[in-house]
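Just so it is clear, the structure is predicted and the values come from calculations on it, not from any experiment.
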Amino acid sequence: MVVGSCVCNVSFSSLKSDDTPVGDPSLKVQVANNSDTLKLLKMSSCPLLSPAGILCVADHCHGLRELALNYHLLSDELLTSLSSEKHVHLEHLRIDVVSETPGQQFHAIKKSSWDAMVRHSPKCNLVMYFFLYEGEFGPFFRDEVPVTHLYLGRSVSKDVPGRVGLTCPRLIELLACANGLRPLDEELIRVARRCTQLSAIGLGEWEVSWSAFVEFVKMCGDRLTQLSIMEEVLVPDHRYMLYDIHWEVSQQLGRVWFPDMMPTW
């Protein structure tokens, strides 16, 4: 059931509110009426909501299994509440990290809070969407983060994927938009070495040498069920010809593989 700014008296298991003026008071009424049944809460682009409002949901809806919200509503207190013994195991947590204006400041989440969540809900999928400008990643990927599915929506500096490789050991899927056409050989190898559960990757316009790309695929092997990169951003070197890459990668994946092509229109 999808609910906007209205208040319903019927019981429901799913509450979704995107781009609506839902605030703490109306959300608390919904929680009071549905604390025993609510399993999914999705609050995106609701500027009237506060972290206290989301925390109220966590404290009263002990059956909550799926939660999706903007990063500004995420807090150490919320993760701690979701990790208490009275809560069922969280199955899906989606966080949208969106910058409205360049230079926006973001708070940091403590490693101890993430650790508590993983201990309580070890099988939880943590999905994070980043739409930040360069220079806004300061608070992120400094300590270990249990993210399983990571999406980088804007061009990022070389530093970001390097930190991802060091701090995201549970990573299963990585999708990236672009990196400003700066080679990412070392960073990509680091991801392969440290993110041992990685099975899906889409590199978009991330520039990487032929040799580093082949080495990355060798390290990941046939667990890469999804592999996507534009042929135009694979940088030639002395070790391989383009045909060799097609053959070598296909051999490692156990299936026929070709890089993506840029649209001509």
Are the side chains of [X] and [Y] in touch, meaning some heavy atoms are under 4.5 Å apart?
X: Leu78; Y: Ser75; answer: yes
X: Leu184; Y: Glu186; answer: no
X: Glu231; Y: Leu242; answer: yes
X: His149; Y: Met128; answer: no
X: Phe258; Y: Val256; answer: yes
X: Ile189; Y: Met219; answer: yes
X: Leu38; Y: His60; answer: no

Fill in the blank from the handout: Across all chains, not counting sequence neighbours, the side chain to side chain donor-acceptor pair (under 3.5 Å) partners of Asp143 are none
Handout entry: Worked verdict on Glu144 versus Thr167 for side-chain hydrogen bond (donor to acceptor under 3.5 Å, both in side chains)
Key = CA-CA 4 Å; Glu144 191 170 296; Thr167 60; over 6 Å; no
Any donor-acceptor N/O pair, [X] side chain to [Y] backbone, under 3.5 Å:
X: Arg154; Y: Phe131; result: yes
X: Ser121; Y: Val118; result: no
X: Glu136; Y: Tyr133; result: yes
X: Ser81; Y: Glu77; result: no
X: Asp237; Y: Arg239; result: yes
X: Arg65; Y: Leu90; result: no
X: Asp185; Y: Ser209; result: yes
X: Arg194; Y: Pro169; result: no

Say you draw a straight line from [atom1] of [X] to [atom2] of [Y]; how long is it, rounded to the nearest 0.5 Å?
X: Leu79; Y: Ser113; atom1: CG; atom2: OG; value: 5.5 Å
X: Asp96; Y: Tyr129; atom1: CG; atom2: OH; value: 7.5 Å
X: Leu234; Y: Trp210; atom1: CG; atom2: CH2; value: 8.0 Å
X: Leu132; Y: Gln104; atom1: CG; atom2: CD; value: 8.5 Å
X: Leu150; Y: Glu173; atom1: CG; atom2: CD; value: 9.5 Å
X: Leu41; Y: Ile54; atom1: CG; atom2: CD1; value: 5.0 Å

For [X] and [Y], which heavy atoms make the closest approach, and how far apart are they?
X: Leu69; Y: Leu74; value: CD1-N, 4.1 Å
X: Val233; Y: Gly204; value: CG2-O, 3.8 Å
X: Gly138; Y: Arg142; value: O-NE, 3.0 Å
X: Gly153; Y: Cys177; value: O-CB, 3.4 Å
X: Val147; Y: Cys168; value: CG1-SG, 3.5 Å

Problem - Audit row: Glu66, Lys39, side chain to side chain contact (heavy atoms under 4.5 Å, CB included) steps and yes/no - result: CA-CA 6 Å; Glu66 299 184 45; Lys39 294 182 178 180; over 6 Å; no
Is it the case that the ring center of [Y] lies less than 6.0 angstrom away from the ring center of [X]?
X: His120; Y: His89; value: yes
X: Phe137; Y: Phe130; value: yes
X: His107; Y: Tyr71; value: yes

Problem - Stepwise side chain to side chain contact (heavy atoms under 4.5 Å, CB included) check, Asn125 with Leu93 - result: CA-CA 6 Å; Asn125 285 322; Leu93 175 60; over 6 Å; no
Practice task
Report yes or no: is the cationic atom of Arg163 (NZ for Lys, CZ for Arg) under 6.0 Å from the centre of the six-membered ring of Phe140, at an angle within 45° of the ring normal?
Solution key: no
Acceptor/donor pairs from residues 223-230 side chains to any protein atom, 3.5 angstrom cut, sequence neighbours excluded:
residue : atom : partner : partner atom : Å
Arg223  : NE   : Cys220  : O            : 3.2
Arg223  : NH1  : Thr196  : O            : 3.3
Arg223  : NH1  : Leu198  : O            : 2.3
Thr225  : OG1  : Ser199  : O            : 3.1
Ser228  : OG   : Asp260  : OD2          : 2.2

Exercise for the section: Sort out for me which residue in Met241, Glu248, His246 forms a side-chain contact (heavy atoms from CB on, under 4.5 Å) with Asp244. Expected result: Met241
Fill in the blank from the handout: The single option from Leu174, Val127, Val97 that satisfies side-chain contact (heavy atoms from CB on, under 4.5 Å) with Tyr151 is Val127
Exercise for the section: Please work out whether the ring planes of Phe213 and Trp257 are parallel, tilted or perpendicular, with thresholds of 30° and 60°. Expected result: tilted
Problem - Residues Trp114, Lys110; criterion side chain to side chain contact (heavy atoms under 4.5 Å, CB included); working and verdict - result: CA-CA 7 Å; Trp114 289 123; Lys110 296 177 182 177; over 6 Å; no
Completion exercise
Residue set satisfying salt bridge (Lys or Arg N to Asp or Glu O under 4.0 Å) with Lys218, at least two apart, ordered chain then number -> none
Problem - Criterion side chain to side chain contact (heavy atoms under 4.5 Å, CB included) on Val164 and Leu171, from CA distance to verdict - result: CA-CA 9 Å; Val164 166; Leu171 194 63; 4.1 Å; yes
Exercise for the section: Answer yes or no: does atom NZ of Lys86 have more than 12 heavy-atom neighbours from other residues, nucleotides or ligands under 6.0 Å? Expected result: yes
